[in-house]
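Working notes for the structure below.
Every value quoted in this text rests on a predicted model; they were computed, and no experiment measured them.
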Protein chains: 2
Amino acid sequence: MNFPLKAAVKCGQCPIRHRAVCAHCDDDELTLLEHMKSYKTFAAGETILWRGDELAFVGSVVQGVASLSKTLEDGRTQMVGLLLPSDFIGRPGRQQIEFDVTATTEVTLCCFERKPFEQLIQNTPHVAQRLMELALDELDAARDWMLLLGRKTAREKIATFVQMLVRRTQVRHIDGKLHPLSMPMTREQIADYLGLTLETVSRQFNGLKKEGVIAFSDRRQFEVLDLAGLHAATGDDAEFIS
Amino acid sequence: MNFPLKAAVKCGQCPIRHRAVCAHCDDDELTLLEHMKSYKTFAAGETILWRGDELAFVGSVVQGVASLSKTLEDGRTQMVGLLLPSDFIGRPGRQQIEFDVTATTEVTLCCFERKPFEQLIQNTPHVAQRLMELALDELDAARDWMLLLGRKTAREKIATFVQMLVRRTQVRHIDGKLHPLSMPMTREQIADYLGLTLETVSRQFNGLKKEGVIAFSDRRQFEVLDLAGLHAATGDDAEFIS
DNA sequence: TGCGATCCTTGATCTACATCAAGGATCCGC
DNA sequence: GCGGATCCTTGATGTAGATCAAGGATCGCA
């Protein structure tokens with residue numbers, strides 16, 4: 001099932017080669033990165049970085065799912081980002097992060113030490129440019145999520161979440177239906193991502209299930225039966241397909 | 001009161017010279033920008049750019065306040081960004097924007113045509129770097145707002161909003177109290193920024209007023225009487241002063 | 001200086017979702 | 001394949017904030 005990640009996978013064989021921070025690199029640049037990189041694996045639930053930590057390394061998610069989250073004084077938490085394969089952790093010019101980074105499933109990262117990586121950016125505009133694109137993509141995603149958190153109903157939130165999973169996992173279409181997808185997180189984690197409680201998440205999933213929009217085979221495995229119905233349930237303006 | 005913006009203010013005299021996209025530029029680079037720039041002014045309420053518009057120009061807010069907002073099918077709207085002086089509109093490599101940009105107060109922009117500006121970026125790393133910093137700052141702000149929208153109570157939202165105004169307008173402190181600040185938007189616009197209704201915004205302002213945390217002289221003019229009380233009301237973890 | 005438009009306040013009521021509660025399914029280590 | 005931990009579902013009840021409604025303040029323009 002999983003891509004077999006040895007300690008030294010060749011960049012050429014890497015599953016995220018054309019989407020990650022290295023996407024625009026030519027062979028020479030890739031060789032440079034090849035020598036700097038190292039893989040780290042984290043078990044599900046393990047914290048990768050704590051808020052306020054000094055950022056020793058940066059890197060890309062190769063496999064699995066990680067999440068960024070923020071917490072209030074009394075413990076209420078909000079997930080502020082979901083990192084899927086090819087997403088990047090850490091920013092040039094920042095030595096601290098202002099949120100916790102946690103492994104949601106088992107996660108494999110392709111890491112670089114921050115200092116050398118920042119020097120490399122100076123001389124490889126392809127990496128700097130890709131980093132900028134990734135940051136702007138994240139900004140777009142954050143703004144879509146602001147609309148969701150501020151104005152959408154529970155049902156619309158769940159539908160939007162499922163739609164996002166479908167899009168980001170780029171699953172193949174079969175006559176309007178879709179291959180089974182995996183739900184990479186618990187109801188509670190989904191609740192923290194959507195600004196809901198786990199009970200409401202559960203009720204809304206079952207609502208969409210009863211209406212025949214989605215179906216669960218397993219509680220972590222589901223498929224979309226009615227893609228048009230799903231889109232309609234998101235509340236988004238159909239005029240703009242984002 | 002306002003900085004007197006003629007059609008051709010020298011960059012050296014510009015009020016946002018050291019915070020905007022040109023912050024890191026040396027004199028030569030500034031001369032280049034000087035020749036490319038032009039000022040545009042928009043009246044309060046005027047739309048600067050519509051969602052989906054082809055992005056002909058990019059630029060910085062010099063004076064006034066603009067806002068970015070997204071709308072659902074049925075008209076519910078959420079503000080996804082507030083642009084104060086020195087903030088930048090438009091992104092390299094994107095020819096479209098996915099939200100409306102509106103003048104909240106009268107706004108003056110320092111504009112550049114997009115195509116020439118993008119070429120300029122290639123050769124002036126100082127501008128490219130500053131653009132990256134600005135994008136990352138916006139990403140941080142967006143994530144703080146996600147926590148607010150998803151998990152804060154109405155009271156915490158209002159307190160956080162006031163705190164943000166205090167910080168961003170960098171008002172001088174006088175023994176814990178603060179100089180009068182201006183509220184650059186209506187109750188309805190604030191509601192759209194905080195994911196509330198205008199009635200709730202009004203009630204919460206009056207709540208904080210009754211408790212002596214803030215005071216209004218005019219409905220657009222107020223001051224913070226109890227800064228510590230304000231911070232306490234935001235719900236944020238005091239351990240991390242962001 | 002007067003009048004309509006806009007903006008704000010305040011009160012009464014409603015409702016979507018949170019909270020509280022309990023039981024059932026699934027997983028995992030022994 | 002047994003027993004506790006974790007995760008999920010479902011029901012009953014509570015409540016923060018939305019919605020509905022009406023009146024008051026302030027603004028801008030003749």
Notebook entry, point to check: Between V162(B) and V224(B), does a side chain to side chain contact (heavy atoms under 4.5 Å, CB included) hold up when you go through it step by step?
Noted result: CA-CA 9 Å; V162(B) 173; V224(B) 177; 4.1 Å; yes
Trace of the ring-ring contact (aromatic ring centres under 6.0 Å, His included) decision for F222(B) with F205(B): CA-CA 11 Å; F222(B) 71 99; F205(B) 271 135; 7.4 Å; no
**Study point:** Worked verdict on R51(B) versus D53(B) for salt bridge (charged side-chain N to carboxylate O under 4.0 Å, His left out)
**Key:** CA-CA 6 Å; R51(B) 177 177 180 189; D53(B) 270 2; over 6 Å; no
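Listed by first then second residue, pairs satisfying salt bridge (charged side-chain N to carboxylate O under 4.0 Å, His left out) with a partner in residues 201-216 of chain A read R155(A)-E211(A), not counting sequence neighbours. Residue pairs meeting the salt bridge (charged side-chain N to carboxylate O under 4.0 Å, His left out) criterion with at least one partner in residues 77-87 of chain B, sequence neighbours excluded, are D87(B)-R168(B).
Between R220(A) and T186(A), some side-chain heavy-atom pair lies under the 4.5 Å cut-off. Proximity of Q163(B) to L230(B): side-chain heavy atoms (C-beta onward) are separated by under 4.5 Å at one or more points. A 4.5 Å side-chain heavy-atom check between I158(A) and L208(A) finds at least one atom pair inside the cut-off. Looking at L84(B) and V61(B), their side chains never come closer than 4.5 Å, going by heavy atoms from C-beta outward. Using a 4.5 Å cut-off on side-chain heavy atoms (C-beta onward), F57(B) and L109(B) make contact.
Atom CG of L196(B) is separated from atom C1' of dT19(D) by 14 Å (rounded to the nearest Å). As a whole-Å value, the separation of E199(B) CD from dC20(D) P is 10 Å. We find that CG of L148(B) is positioned 12 Å from P of dG17(D), with the value rounded to whole Å. Rounded to a whole Å, the CZ atom of R187(B) is 18 Å from the C1' atom of dA18(D).
Counting distance only, with no hydrogens placed and no angle test, the side-chain atoms of R203(B) and the base atoms of dT19(D) include a donor-acceptor pair under 3.5 Å.
Side-chain contact check for T77(A) and K70(A): no donor-acceptor pair (N or O, by modelled atom type) lies under 3.5 Å. For the residue pair K40(B) and T108(B), no side-chain donor N or O sits within less than 3.5 Å of a side-chain acceptor on the partner.
Nucleotides of DNA chain C that come within less than 4.0 Å of any heavy atom of chain B span, from the 5' end to the 3' end, dC7(C) to dA12(C).
Residue-level contact check: T197(B) touches the bases, meaning some heavy atom is under 4.0 Å from a base atom. Within the 4.0 angstrom heavy-atom criterion, base atoms lie near L198(A). Within 4.0 Å (heavy atoms only), G45(A) reaches no atom of the nucleic acid at all.
Across the helix from dT1(C)-dA30(D) to dC30(C)-dG1(D), the helix axis at one end is tilted relative to the axis at the other end by 60° (nearest 10 degrees, each axis from five pairs).
Residues from residues 152-160 of chain A with heavy atoms under 4.0 angstrom of DNA chain C, sorted by number: T153(A), A154(A).
Contact check on D192(B) versus R187(B) returns no salt bridge, with no Lys/Arg side-chain nitrogen under 4.0 Å from an Asp/Glu carboxylate oxygen.
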Atom pairs under 3.5 Å: protein N/O with N/O of nucleotides 27-30 of chain D:
none

